Amino acid sequence: MKHYLSSLCFLFLFFLSANLQAQTTANYDKEVEALLAKMTIEEKVGQMVQLDLLTVAIPGKSPIQLDIPKLREALVTYKISSFINNGLGRALSLDEWRYVNKTIQDIIMKETPRKIPLLYGIDAIHGTTFTLEATLFPQSIALGATRNPELVHRAAEITAMETRASGHRWNFSPVLDVARQPLWARLPESYGEDPYLVSILGAAAIRGMQGKDLGAPTAVAACMKHFMAYSFPFNGKDRSPALMPEYYLREYFLPPFRAAVKAGARTLMVNSGEVNGVPLHGNKYLLTTVLRGELGFQGIIVSDYGDIIRLHTWQGIAETPKEAVRVAVDAGLDMSMVPTDYSFNTLLTELVKEGKVAEKRIDESVRRILKLKYETGLFKNPYLEKEALKNFGKPEYRQTALDAANEVMTLLKNTDNTLPLAKDRKVLVVGPGANSITTLNGCWSYTWQGNEPQWYPKNALTIAGAVREKIGAAQVTYRQGVDFSGKAIDVDQAVADAQNVDVVLLCLGEDAYAETPGDINELDLPVGQQELAKKLYATGKTVILVLTEGRGRIIREIEPQAKGILLAYWPGIEGARAIANVIFGDVNPSGKLPYTYTQHSGNLLTYDRKLTNKLNEISAPGEFKIDTFGPQYEFGYGLSYTTFDFKNLKLSAPTLKGSGKILVSIEVTNTGKREGKEVVELYSHDLFASLTQPLRRLRAFKKINLKPGETSTVGFEITKDDLAFVNGVNQTVTEPGDFEIIIGQLKANVRYAE
Ligand code: BGC
């Protein structure tokens, strides 16, 4: 009975809230329609324009100063809708942001007839990038290693609060590009190489950022990007062409966007590149038929930086700039990140007046934009909210950044349990990463490239600083050895210093970079860095390798002699403390690789390869060896200071029928001496199918914490959707037949029958 009453109560609340939601939407619809009815074509087109703030800022001023006549031109003459600040070159203080916000909104409120507030969009990619003293979390690729959606959710909530406190209500995040090209310079912005992993963590970030109410002073609208297949450039270079059949596109690159639409993402940014010869900015099939039609996306589609005009200037699918605008709007774009002129205003206005773009079509875009402005509360209060400001820079945010960085740490090697080190060891901290704050944070860190240390908080520690804090400065020597390019700085002194310590912490990797400036021609770690390692090995001292890098640079030559290898990725503002925590045993590492760590540049496979990717015909014709995959380390790999045993993999039934479900369970025991976290990953393998299938693909994961000796039974519910794949005619199907369920080294078979 009690149960019955609570169900009734639940139903009542459900209808009430559904009704409330419906009412809110309906109210905005009415207001949007009323406003739209009054707007001129120029005003409507202006709502579709986004400019870089540098267009209206006086160059080189500190504190920032806006050029008022230019700002008036943007807001009053051209009625533009939105600013971004990709090109400003540095982060601003909260006071500077308050000035920017007030100056802009004042002009709109006092000098424009409709008083449509400006929506400021910004890249807060791993924390609030463009505000001084904001909290920076590990990059997404690092968060991928945590396999922890709650952590991603919390980091996104804090990012939203600090972004809103800076006066911005729109964040160009998360990146949902699946990292399947190891060379790609934006790999660090992705959650990993597996579409399921990216879907789960991407959706968690969106929910965290947007909260329950976009109008709340804690929330920002998310922007899923970059739609789509941006992360699979054929030659590994940023913004270059991708080539793939549609089934592959749907199998590996569409799922995170589908999950993001379900999670309620309000906006989407388009891939700057092209797929199968069609630039995404002109791709009506993908933007309108697939994204709007199939996925049901109703939010704003924004271009990437300057990419509409590039349909003409770079990609040559439009004969004139005007044709480029027509093609993009026809394909489905709602807003142009122009970024620094009024060409889009002029050209689109002309196109509407000439009847080449229907006014009805631009009304659709303007509706979406106005709706988001209502939803984010801008019409109620366009100014930086006092309530929002209270949420900036709380001490607990740095604690979350540290918790996240601790979980990121991925221990790849630990010969003879060399790690953790005792705290009485004398240590040489050496290498280009040893005293660098920028290699801990990477791209989008107070600047676009993230490589200018002067903008970082003064209290942010480098690895050398964190090791000193951990074991006392007297035990620590620091040398750079070489720079990130491998150029020698003080190699001889470094080698001499190594003689006087117990252990060498060799910090190698990549300095910060973003987008095309991060393009590389070799995946190998620069030769000079590897030479430094070899010279230090030659001293006979114990060498531990600490890698801070955006993508997995090849370390094949220097891997064998390292006694320990810790992959820290770009772990954020508290990353150095997390590294020291793991090295000296205050934290038990639990990170798992979010990508396949490449061993040979001629073998760039992802973990979900096929049997035929691995076959190698050896000495005699017809004799095959299955060993040619050979990554340095596999996706999902990562050691702990304790050990875990997996046993008793069980299925609740041998056959999965129709739309039923089966339960998969496994017992996991901590068989070591330390408490530790373990990720239980469930993979499936479709044994016979109409298209060749990967040997395994991730279908579910759970992270658990176990005390020494403790056992936990981990359960997963599997339906036919969890065994599906995209077939040769681009449908997502589960074909009847046998499947392997794989957890750890254990396998069990299940049969699916319709
Ligand atoms: C990047 C986007 C970013 C935009 C605005 C572009 O260069 O590709 O990811 O959101 O700039 O800063």
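Values below: all heavy atoms of this structure, side chains included; hydrogens, waters and symmetry mates excluded. This one's a predicted model, so the numbers in the text were calculated from it and none came from an experiment. For the single chain, residues carry numbers from 1 onward in sequence order.
Within 6.0 Å of NZ on K70 lie no more than 12 heavy atoms contributed by other residues, nucleotides or ligands. Around the CD atom of E354, the shell of radius 6.0 Å holds more than 12 heavy atoms that belong to other residues, nucleotides or ligands. Within 6.0 Å of CZ in F234 there are 12 or fewer heavy atoms belonging to other residues, nucleotides or ligands. Summarising the local packing, CD of E294 is surrounded by more than 12 heavy atoms from other residues, nucleotides or ligands at distances under 6.0 Å. Annotation: K394, atom NZ; neighbour count of heavy atoms from other residues, nucleotides and ligands within 6.0 Å is above 12.
The distance between the ring centers of W444 and F172 does not fall below 6.0 angstrom. Taking the centre of each ring, Y230 and W184 come in below the 6.0 Å mark. Aromatic ring centres of F253 and F232 lie closer together than 6.0 Å. Ring-centre distance between W97 and Y120: below the 6.0 Å cut-off.
The two residues I309 and P321 come nearest to each other via the heavy atoms CD1-CB, 3.3 Å.
Each of K102, R90, K61 was checked for a salt bridge (charged side-chain N to carboxylate O under 4.0 Å, His left out) with E96, and the lone residue meeting it is R90. When D307, D177, D123 are each tested for a salt bridge (charged side-chain N to carboxylate O under 4.0 Å, His left out) with K225, only one passes: D123.
Between the side chains of T267 and W170, a donor-acceptor pair is found at a separation under 3.5 Å. Judged purely by distance below 3.5 Å, without hydrogens or angles, the side chains of D334 and S365 pair a donor atom with an acceptor atom.
Y99 places no side-chain N or O within 3.5 Å of a backbone atom of P63 that could act as its donor or acceptor partner. Put simply, the side chain of E375 never gets that close to the backbone of G215: no donor and acceptor are under 3.5 Å apart.
Considering only residues two or more places apart in sequence or on other chains, K390 meets the side chain to side chain donor-acceptor pair (under 3.5 Å) condition with E387.
Between the CD atom of Q139 and the CD atom of E189 there is a distance of 6.5 Å, given to the nearest 0.5 Å.
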